[in-house]
Asks: 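Here it is: the structure, laid out below.
In the text below, chain A, chain B and the rest are named by the order of the sequence lines, each starting its count at 1.
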2 protein chains.
Amino acid sequence: MDRISGKISKAVPTMQDVAVAAGVSVATVSAAVNGTAPVSKKLRERIEQAIQEIGYKRNAVARSLKMGTTTTVGLVVADITNPFFTDVVAVIQDVLHRAGYAVMLCCTDESASLQEEQISLLLDRMVDGLIIAAAGDDDGLRRHLRGANTPVVLIDRLCHDLDADAVVVDNEDAVKSATKYIIDLGHRNIGYISGSLSTSTGRDRLAGYLAALQEAGIDYGDEFVRLGNFRAKDAYTATMQLLTRPDRPSAIFAANNLMVIGVMKAIRDVGLDCPGDISVAGFDDFPWADVFQPNLTTIAQPVQAIGEQAAELILSRVADKKRREPRHIVLKGRLMIRESCRPRLG
Amino acid sequence: MDRISGKISKAVPTMQDVAVAAGVSVATVSAAVNGTAPVSKKLRERIEQAIQEIGYKRNAVARSLKMGTTTTVGLVVADITNPFFTDVVAVIQDVLHRAGYAVMLCCTDESASLQEEQISLLLDRMVDGLIIAAAGDDDGLRRHLRGANTPVVLIDRLCHDLDADAVVVDNEDAVKSATKYIIDLGHRNIGYISGSLSTSTGRDRLAGYLAALQEAGIDYGDEFVRLGNFRAKDAYTATMQLLTRPDRPSAIFAANNLMVIGVMKAIRDVGLDCPGDISVAGFDDFPWADVFQPNLTTIAQPVQAIGEQAAELILSRVADKKRREPRHIVLKGRLMIRESCRPRLG
DNA sequence: TGACAATAACGAAACGTTTAGATTAGCGTC
DNA sequence: GACGCTAATCTAAACGTTTCGTTATTGTCA
């Protein structure tokens, strides 16, 4: 690159170079580029031409240092492999990009310690805001987020005692109505494969299940509840435990989409048929839920709305840093009744 | 925050603050923090303590400006909603994070113009490297990437005439063997739902299909080929066209996972059954391919290896900027034979 | 005792912007 | 022609690091 020819051609041109080329000061170039101060037509044209000629691009890092703002938001999700999260991520991405923001994506694999690392990484890089689907324990999260006065929007999962904006679904209500639907089909022994109880979604969804049982006067409590920790593999073993009981459940509800896979695998592996022998429903809809067999009955989350609201929230926080009351947006899930649940025989 | 009390407490402490607190110069603090120069035990301890006390964190933006390096790589994929990409993204994420790098994720929605925007956004922010699953036309890509002397690794899709590292799958070979498998089952009229032909994957996969036909002495050429552009919806209409022909195909191959969904939907909507009436196979495996019915026969890509190799490549490029020959890594796909293809009847 | 390394700490100049405040130019008024 | 008043432009000081060249502090050896 650098020709040895008296003057060395810089690798990447700076505002200074533009200023020299256009015969003005850097301040004027800055004003012209950003439109922050009036600059005469004549100069503006000269500057623009110089920019074209030498191929100048503004250095966002230098700008960030000076401005104290990076037009970047960090996005932390528990599992990028989960279709629910990817759908939400896609929407957030889209909205933020339109607003000129970049997105730094991090993935915590449902691990609290990894989560702290990732948040630290993002905070170091001075992201203007943070959207988090929190994994694991709340304490670490709170500790890391206090002090850093970066605006935070929680999605999907709440964090106790952290006064941040949040957009979540009414999990309890959704699972309660799904469970009620199953009960109304005549099922009494209903298995429940739960997510991690250190997340608000894990707790709230379970609460919905229990509430429906109670309301129906079924009182075995959490007898049929097993922990699946939101992963297919854990759900598989959990389901196996349920299916090998003498009084095995005639229906199973899985608290998220990944766990449904584990449930179905287990059902297949013990030689049962869904929905013939056992009914299944799960949280989170996915695109092929109604094209492969059995067509799954699910609770669809409003992913589009969740993503949009989260993005809007963080944008408004970033635009106007003054501390306001945190806002919680609660959306409703929707029960998609398909064919994986049948009335209980006999 | 800022108490009005004589001296105002800074929002976020700087190295200067640490220096004052420890009674040393900023240069020494920097040396201690980075270990770039020897500093006596005594001072190091004082500095460390000061850091703890005032809660200092190094400002990565300032550091980037000075160092000309951001320890961030940009990751551009065509569709974050596609399980293949998310799997790869997850692996890349993981490897890069371990190496201390952050990942900026962008999504182009298969649009060339959006892609240029996104790359521009990343380049502005001075990412140290770029991993790209290229969408659309190659010219724009080349134009944007030249000049910026940022290392680039292409994944999944090649870009003609761009001398960048790349890790791809031998698409032609994989599809050829899958098609051969279908032919060997006795099928003659085999539909092919293609991805966009402006991508190398679109072209190579189609080439594999055609090669298998030719080798088997079947010579209707691209009679049964329809464009699905890698999206479920387009694949649906494309499949509909095929299924309403008088000589409708007895088997269909879809060139990626999303399009399989469209194909299955179309088959269902015209009242046919897979695999009873029509056999189906597709590119890209997914977790539930073998738990829901029909168990899909697919070509599994080595997502783990793709992600790892891509991450390693970009890391080595970033570590050592000197221009070397671009490396192309070609991996093999694997045919996962399940139950969605049956011997042709009659 | 003085000369000379070796070592540890420091001062100050970058990196490429933004921006407050100073300067200049242009122009109408008295 | 001196004066003010705008509007346009410039000068220079930040922003928070890193790093080069320099100085201070030892210790060693002739």
Side-chain angles (χ1 to χ4, degrees), chain A residues 8-48 50-51 54-72 100 123-128 148, chain B residues 8-48 50-51 54-72 100 123-128 148:
Chain A
I8 294 171
S9 76
K10 292 274 287 300
V12 31
T14 77
M15 210 169 234
Q16 176 64 39
D17 300 333
V18 176
V20 173
V24 298
S25 75
V26 284
T28 308
V29 177
S30 177
V33 168
N34 300 303
T36 48
V39 28
S40 67
K41 193 164 195 172
K42 192 173 67 173
L43 285 199
R44 194 171 30 212
E45 278 166 2
R46 275 215 322 255
I47 289 171
E48 238 136 60
I51 288 179
I54 65 182
Y56 166 76
K57 298 205 68 186
R58 190 174 59 186
N59 182 324
V61 174
R63 177 163 223 262
S64 290
L65 177 58
K66 186 66 211 190
M67 306 268 285
T69 193
T70 52
T71 48
T72 301
L123 254 20
D124 282 0
R125 281 170 173 77
M126 307 253 131
V127 292
D128 293 342
Chain B
I8 295 173
S9 76
K10 292 272 288 298
V12 32
T14 77
M15 212 169 234
Q16 175 64 39
D17 300 332
V18 177
V20 174
V24 299
S25 75
V26 284
T28 308
V29 177
S30 176
V33 168
N34 300 304
T36 48
V39 31
S40 68
K41 194 164 195 174
K42 192 174 67 171
L43 285 199
R44 197 172 27 215
E45 277 166 3
R46 272 212 328 250
I47 290 171
E48 239 135 59
I51 288 178
I54 65 182
Y56 167 75
K57 299 206 68 186
R58 192 173 58 186
N59 181 325
V61 174
R63 176 163 223 262
S64 291
L65 176 57
K66 187 66 210 188
M67 306 268 287
T69 191
T70 52
T71 50
T72 301
L123 254 21
D124 282 359
R125 282 170 173 79
M126 307 252 131
V127 292
D128 292 342

Asks: Counting only side-chain N and O atoms of B/S30, is one of them less than 4.0 Å from OP1 or OP2 of D/dT17?
Replies: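 No, because none of the side-chain N or O atoms of B/S30 sits under 4.0 Å from OP1 or OP2 of D/dT17.
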Asks: C/dG11, C/dG16, D/dT17: which one has an atom nearest the side-chain heavy atoms of B/R58?
Replies: D/dT17
Asks: How many whole angstroms separate atom NZ of B/K42 from atom C1' of C/dA8?
Replies: 11 Å
Asks: Once you round it to whole Å, what is the distance between C1' of D/dA14 and NZ of A/K66?
Replies: 4 Å
Asks: May I have the distance from A/M15 (atom CE) to C/dA14 (atom C1'), rounded to whole angstrom?
Replies: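 Computing the A/M15:CE to C/dA14:C1' distance gives 18 Å.
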Asks: OP1 or OP2 of D/dT9 versus the side-chain N and O atoms of A/S40: is any pair under 4.0 Å?
Replies: yes
Asks: Nearest-Å distance, CG (A/L65) to C1' (C/dT19)?
Replies: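 So the CG-C1' distance, A/L65 to C/dT19, works out to 14 Å.
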Asks: Does a nitrogen or oxygen in the side chain of A/R63 sit under 4.0 Å from OP1 or OP2 of C/dT18?
Replies: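 For A/R63, the contact criterion (side-chain N or O under 4.0 Å from OP1 or OP2 of C/dT18) is met.
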Asks: What does B/V24 touch in the nucleic acid at a heavy-atom separation under 4.0 angstrom: a base, only the sugar-phosphate, or nothing?
Replies: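 Sugar-phosphate contact only.
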Asks: Below the 4.0 Å mark, does D/dG16 have OP1 or OP2 next to a side-chain nitrogen or oxygen of B/T14?
Replies: no
Asks: What's the closest nucleotide to the B/N59 side chain, out of D/dT18, D/dG16, C/dG11?
Replies: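 Selected nucleotide: D/dG16.
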Asks: Using atom NZ of B/K57 as one end and atom C1' of D/dT17 as the other, report the distance to the nearest whole Å.
Replies: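 Computing the B/K57:NZ to D/dT17:C1' distance gives 16 Å.
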Asks: More 5' along DNA chain D: A/K41 or B/A62, using each one's nearest nucleotide?
Replies: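 On the 5' side of the pair lies A/K41.
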Asks: Quick check on D/dC10: is either OP1 or OP2 less than 4.0 Å from any side-chain nitrogen or oxygen of A/S25?
Replies: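 For D/dC10, OP1 or OP2 has a side-chain N or O of A/S25 closer than 4.0 Å.
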Asks: How long is the line joining CG of B/L43 and P of C/dA8, in whole Å?
Replies: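 In whole Å, C/dA8 P and B/L43 CG are 11 Å from each other.
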Asks: Just the rounded figure in Å: distance from C1' of D/dT17 to CD of B/Q16.
Replies: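 Result: 11 Å.
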Asks: Can a side-chain donor-acceptor contact be found between A/T71 and B/R125 if the only test is distance below 3.5 angstrom?
Replies: yes
Asks: Just how far, in rounded Å, is P of D/dG16 from CE of A/M126?
Replies: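 It works out to 9 Å between those atoms.
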Asks: Using five pairs at either end of the helix from C/dT1-D/dA30 to C/dC30-D/dG1, determine the angle between the two local helix axes and round it to 10 degrees.
Replies: 70°
